[in-house]
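Heads up: the structure comes next, in structure tokens.
All values below were derived from every heavy atom in this structure, side-chain atoms included, with hydrogens, water molecules and symmetry-related copies excluded.
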Amino acid sequence: MFTPEQVKPFITHADPLVSNAAIRFLAETYKYPQDISALVLEKLVAAPRKEDVYLHRAAAFPQTKITVQAMLHLLKANLVTGNARIFLSRMLLGSSPELLKPHLAAIRELDEDWQGEAAERVRVSELTDEWVRRLFNEETQKNSGLDYGEIDYDTLDLLLGEMIEREMLQPRETMDELQEQYTKDPASVRTVYLMQAAGKLKIAYALPLFYDALKSDNDLVAEQAADALVRVGSEEVVEKLVQMYAEEKDGFLLLGIVDILSRILLPSAEEALIALLEKEDHFTRIAKLADGLCRLGSEQALPVVQELVKIGYDKDYVELKESVYACCVMMGRLLPELDEWRREIAAEDEERAKKLQR
């Protein structure tokens, strides 16, 4: 089973399939080594095709003075364009206010909208606790009842992040309000952000609510519950998810449970996925379980996954060949099939690109 320190060096791997798998692993498990952004930028500079680097997964990675300066240089020199430039700007603007404040003028030269966002981060960081709380209350009220596409997530994320950074949210008070809001309106903006806060605070006594919210028909609510369960990531969570997998019938929920288990870095999560794979007979869920084991770096499950690649699996749902290839490289397992798999993956990617151009 992979550890963050084992995966981290592969961020700069020459093969984008491997480097992106490493970025995804660290992003989805919420494991952020302090030098992670420096490695992502090193990979970005070396990459022949900047758009191939998974910068969209790196927005939450922690920044330093050096990485902020490096991003500004890349943006000023126009070394990154298109979507890669947009995602790099999200990394930059996700930096702490202390790091952004000295560079507001330089950010303005790049883009006035970016400067406005950075200046707002700095402004909020200088407000009193009372004002930050008041603004958060106002924003949740203002966004209440809006369609999800109309919600001002950036402002809400900023304010919630500031409250958590300042330790303004006490676990018991947060849980009490979350329970009240969830009972009254489980899909409200206030509920969703309180759930996000409870997950980031790793409030263990919120677990029953998270399990219930995971079954929600509302995608945003279910997504927040899943993220919260990954963040708590305890033995209790693994045990309950295995129980839910045995009891639930909804196919999408079962796939979601597998995804959560695939992001929890506990031996019990790996063991659970292996046990579920041994019993599963559904074509798509077999592929999902195998993919999850590859993402976790399960050496024990590797022979089973190799066999699935040979005999066939649900390629319309997941490209298992890519997962097992990246897993083997990071694991140091030089299987005879690796070169053949990589050629096949490249050929399939080329074919998909041609179809998109038609």
Side-chain angles (χ1 to χ4, degrees), residues 26-27 30-38 40-41 55-76 85-144 151-174 177-178 189-203 224 227-228 231:
L26 295 165
Y30 299 115
K31 304 300 181 185
Y32 306 150
Q34 189 58 36
D35 57 346
I36 188 172
S37 289
V40 171
L41 294 177
L55 296 180
H56 62 288
R57 299 271 189 179
F61 291 171
Q63 303 300 333
T64 65
K65 288 182 179 180
I66 293 175
T67 60
V68 168
Q69 291 170 352
M71 286 187 285
L72 285 169
H73 170 73
L74 289 169
L75 291 165
K76 285 179 183 176
R85 185 178 181 83
I86 294 171
F87 293 135
L88 186 61
S89 75
R90 302 321 302 165
M91 288 179 64
L92 173 65
L93 297 175
S95 306
S96 68
E98 306 86 65
L99 294 175
L100 290 173
K101 190 173 183 178
H103 300 289
L104 291 178
I107 295 172
R108 176 186 286 276
E109 291 178 9
L110 290 169
D111 190 295
E112 289 195 3
D113 289 339
W114 295 356
Q115 192 272 345
E117 188 173 339
E120 180 65 4
R121 288 185 70 82
V122 173
R123 184 185 76 84
V124 168
S125 73
E126 295 173 345
L127 296 174
T128 64
D129 289 0
E130 180 184 357
W131 267 105
V132 171
R133 191 182 299 277
R134 181 183 299 180
L135 285 174
F136 179 71
N137 292 339
E138 289 176 358
E139 286 297 321
T140 53
Q141 180 63 37
K142 184 192 304 183
N143 286 273
S144 179
I151 294 172
D152 186 357
Y153 295 106
D154 290 340
T155 299
L156 287 163
D157 288 343
L158 169 61
L159 292 168
L160 182 64
E162 190 68 26
M163 292 170 72
I164 291 174
E165 178 69 23
R166 298 187 192 190
E167 299 182 350
M168 292 168 55
L169 299 173
Q170 298 303 310
R172 178 51 66 183
E173 294 173 1
T174 301
E177 185 182 357
L178 172 58
V189 172
R190 183 82 179 184
T191 304
V192 166
Y193 272 85
L194 287 170
M195 194 180 304
Q196 184 183 137
K200 289 183 175 180
L201 294 172
K202 300 182 180 180
I203 302 177
Q224 290 298 329
D227 285 349
R231 289 181 186 277

Notebook entry, point to check: If only atom types and distance count, is the side chain of Arg90 paired as donor or acceptor with the main-chain N or O of Leu55 below 3.5 Å?
Noted result: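 Absent.
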Main-chain N/O of Ser125 paired with Arg166 side-chain donor or acceptor, under 3.5 Å:
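Yes, Arg166 side chain to Ser125 backbone: donor-acceptor pair under 3.5 Å.
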Dump the intermediate steps for salt bridge (Lys or Arg N to Asp or Glu O under 4.0 Å) on Glu138 and Arg134, then the final yes or no. CA-CA 6 Å; Glu138 289 176 358; Arg134 181 183 299 180; 5.2 Å; no
**Study point:** Ring geometry between His56 and Phe87 (parallel below 30°, tilted from 30 to 60°, perpendicular above 60°)
**Key:** tilted
Run the salt bridge (Lys or Arg N to Asp or Glu O under 4.0 Å) test against [X] and tell me which residues pass, sequence neighbours left out.
X: Glu109; answer: none
X: Lys65; answer: none
X: Lys101; answer: Glu126

Looking only at heavy atoms, what is the nearest atom pair of [X] and [Y], with distance?
X: Gly199; Y: Ala228; value: CA-CB, 3.6 Å
X: Ala118; Y: Leu93; value: CB-CD2, 3.9 Å
X: Tyr32; Y: Ala27; value: OH-O, 3.9 Å
X: Gly94; Y: Arg121; value: O-NH2, 3.8 Å

Go through the steps to decide whether Arg190 and Asn143 satisfy the test side-chain hydrogen bond (donor to acceptor under 3.5 Å, both in side chains), and finish with yes or no. CA-CA 9 Å; Arg190 183 82 179 184; Asn143 286 273; over 6 Å; no
Spacing of [X] atom [atom1] and [Y] atom [atom2] [to the nearest 0.5 Å]:
X: Leu178; Y: Leu169; atom1: CG; atom2: CG; answer: 11.5 Å
X: Met168; Y: Phe136; atom1: CE; atom2: CZ; answer: 10.0 Å
X: Leu159; Y: Asp154; atom1: CG; atom2: CG; answer: 11.0 Å
X: Thr155; Y: Leu135; atom1: OG1; atom2: CG; answer: 9.5 Å

When Leu92, Ile36, Val68, Leu100 are each screened for side-chain contact (heavy atoms from CB on, under 4.5 Å) with Gln63, the one that passes is Val68
